[in-house]
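These notes concern the structure reproduced below.
Lettering of chains follows the sequences in order, A, B, ..., and the numbering in each one begins at 1. What you see is a predicted model; the values in this text were computed from it and never measured.
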Amino acid sequence: MLTLQQIRNEKEKVITGLLKRNMTKAEEIIENIISIDDKRKTTQTKLDQSLSEQNQYSKQIGQLFQQKKIEEANIMKEKVADLKRVSSTLEQDQRNIQLELETQLLSLGNVPHGSVPAGTSEDDNEVIKENTSDMPNLSDNALPHWDLAKKYNLIDFELGTKITGSGFPLYRGQGAKLQRALINFFLDQAEEAGYEEIIPPHLVNEDSAKATGQLPDKEGQMYHMSVDNLYLIPTAEVPITNIFRDIILKEEDMPIKVTGYTPCFRREAGSYGSDVKGLNRVHQFDKVEIIQVAHPKKSYTVLDEMVAHVEKLLVNLNLPYRILRLCGGDLGFTSALTYDFEVFSAAQQKWLEVSSVSNFETYQSNRLKLRYKSENGKKKLAHTLNGSALALARIVAALLENNQTEEGIKIPEILRPYTRFDFIK
RNA sequence: GGAGGAGUGGCAGAGCGGUUGAAUGCACUAGUCUUGAAAACUAGCAUACUUUAACGGGUAUCGGGGGUUCGAAUCCCUCCUCCUCCGCCA
């Protein structure tokens, strides 16, 4: 969530930023927020004055009682009663104003970074790098991953559907082992890059979902356990970032680097067609996430470092990939700058998104109340960043398709110590 | 799930319903002393909002929410968390 300070101090920048997100009424909305906030301030002042008077009277009443001046005390009590009526209406007003302010603020996405290109859809994303040196030469009868999965008995989509429903694949045999191998490989790589490994809870409460911005924005995307009011995590970002809720760091604590593997659960309501075939879009998938808390001055260096980390994973897996800088229209609500990674899944001739690396600047930390004490002792919001490193399901899709041969599916060198087999047969 | 107990500042730990934003100790910061350090001494040390050019002032906060009262850390209700015992269980 943007801070009021940001909105007031950098009004023009915020407006142009929101326009880049195609929020056409940005100026109007911002002006409205400022006027609501003005109202909030004046109401607060009036309320405080009224309460202050009440407090003074109460002290006097106490003294009068001690001096046994009951009559005078009773007169004063009536004055307080009047003041209370005033303050309770003011309080109600203030509550409504604050609620209104909050909903207005929640409707604003993050201000995009200067390098974010204008645009309305994914077609306007900027391809900043394309590395197809590992592009396979597949024969005409190459199979898409869902057929390969069946042929080699790696994934049973029908069984998953039987047990749970569509979009819940069941991995088995070498398919299951490949999952485990990838998870371990990714975690080891993250550890080598200095990230602390975490296994967080896979369900989160409402506060946590709010703090990272899933609520109220993506309410329908999460599975909700109404009995206990808990949500299945859509990404490890939610529980891991919430480690830092209500925290004040020392400046030298940063950067903090945390990684974690979790399954991710997404309802993906409303998506159908070829996009959801096989592993392309599922309700449950595995992902290793990397997260950093960084000093505002260094967060973009950190972002580059994270992008490099993800890129290295893809190079190591010998997958053709490209890196996109998301345009204003495609940029996630909470992000200031996002790089998406896509791998080419050669049999279905499709680019599949496998990672999204973002700098949220202070947008998340504002809601998290994640701050650090700067040199002069002032508390400032830290920057948060995260990225997938990597999301498994689609990586598996690309690996299966791209590495299919007459003899079976070839496992990339780097994974062999993890799978302990060279071929899927 | 049942019975009991507890939740106060960074930590420990006081707190008759009325100068208690909160004693005291530790920790922390600055200073004095010292060649330096330690010790000792002195002072400072919560957060948020609001007001002010500034000094400063005001309001709220003692697990969360609500209530009683002129006045609540202190009384009542409710929820949460932790501890002890019992039950169940990977």
Starting from the 5' end of RNA chain B, give me the residue, A/Q63 or A/K41, whose nearest nucleotide shows up first.
A/Q63
Determine the interatomic distance between C1' on B/A22 and the same-named atom on B/U47; round to the nearest Å.
14 Å
Partner nucleotide, any strand, of B/G21 [Watson-Crick/G-U, under 3.5 Å]:
none
Report yes if the distance between the aromatic ring centroids of A/Y300 and A/H113 is under 6.0 Å, otherwise no.
yes
Partner lookup for B/C89, please. Criteria are Watson-Crick or G-U wobble with both distances under 3.5 angstrom; report none if nothing qualifies.
none
Among the nucleotides B/A48, B/A60, B/G18, which one has an atom lying closest to any side-chain atom of A/K379?
B/A48
Distance between the C1' atoms of B/G58 and B/C75, in whole angstroms?
28 Å
Flag the pair A/E305 and A/K257 as a salt bridge only when some basic side-chain nitrogen lies within less than 4.0 angstrom of an acidic carboxylate oxygen.
yes
How far, in whole Å, is B/C41 from B/U34 if one measures between their C1' atoms?
13 Å
Kindly say if A/T45 contacts the phosphate of B/U50, meaning a side-chain N or O under 4.0 Å from OP1 or OP2.
no
Looking only at heavy atoms, what is the nearest atom pair of A/M23 and A/S107, with distance?
CE-O, 3.7 Å
Check the distance between B/A72's P and A/N55's CG and give it to me in whole angstrom.
8 Å
Roughly how many Å is it from CZ in A/R40 to P in B/C49, rounded to a whole number?
8 Å
A/Q5 CD to B/U50 P, straight-line distance once rounded to whole Å
10 Å
Regarding the side chain of A/D48, the nearest nucleotide among B/C49, B/U51, B/A48 is B/C49
Could you tell me the Watson-Crick or G-U partner of B/A3, where both distances fall under 3.5 Å? Say none if there is no partner.
B/U84
CG of A/D38 versus C1' of B/U51: gap in Å, rounded?
14 Å
Find the partner of B/U47: check Watson-Crick (N1-N3 plus N6-O4 or O6-N4) and G-U wobble (N1-O2, O6-N3) distances, both under 3.5 Å, and reply none if neither fits.
B/A60
Please give, in whole Å, the distance from B/A48 P to A/L47 CG?
20 Å
What integer number of Å spans the P atoms of B/U8 and B/U74?
14 Å
Span that lies between the P atom of B/U24 and that of B/G15, in whole angstrom:
15 Å
Which base sits across from B/A72 as a Watson-Crick or G-U pair, both distances under 3.5 Å?
none
In Watson-Crick or G-U wobble terms, with both distances under 3.5 Å, the base opposite B/C55 is none
Distance between the C1' atoms of B/U69 and B/G18, in whole angstroms?
12 Å
Between B/C70 (P) and A/F65 (CZ): distance, integer Å
9 Å
Would you say the side chains of A/Q94 and A/Q44 form a donor-acceptor pair under 3.5 Å?
yes
Pair partner, B/A30 [Watson-Crick or wobble, under 3.5 Å]:
B/U42
Going by salt bridge (charged side-chain N to carboxylate O under 4.0 Å, His left out), name the pairs with one or both residues in residues 22-38 of chain A, residues two or more places apart or in two chains.
A/R8-A/D37, A/R8-A/D38, A/K11-A/E31, A/D37-A/R40
Round to a whole Å and report the spacing from CG of A/N205 to P of B/G64.
16 Å
Looking at A/D207 and A/K210, is there a salt bridge between them, counting it only when a charged N and a carboxylate O are closer than 4.0 Å?
no
Does any nucleotide pair with B/C16 by Watson-Crick or G-U wobble geometry, both distances under 3.5 Å, and what is it?
none
By nearest heavy atom, map A/I248 and A/T42 onto RNA chain B; which one lands nearer the 5' end?
A/I248
Taking atom C1' in both B/G13 and B/A27, what distance in whole Å separates the two?
14 Å
Starting from C1' on B/A48, measure out to CZ on A/R371 and report it in whole angstrom.
9 Å
Spacing of the P atoms in B/G63 and B/A14 (rounded, Å):
15 Å
Between A/E289 and A/K287 (salt bridge meaning N to carboxylate O under 4.0 Å), is one present in this structure?
yes
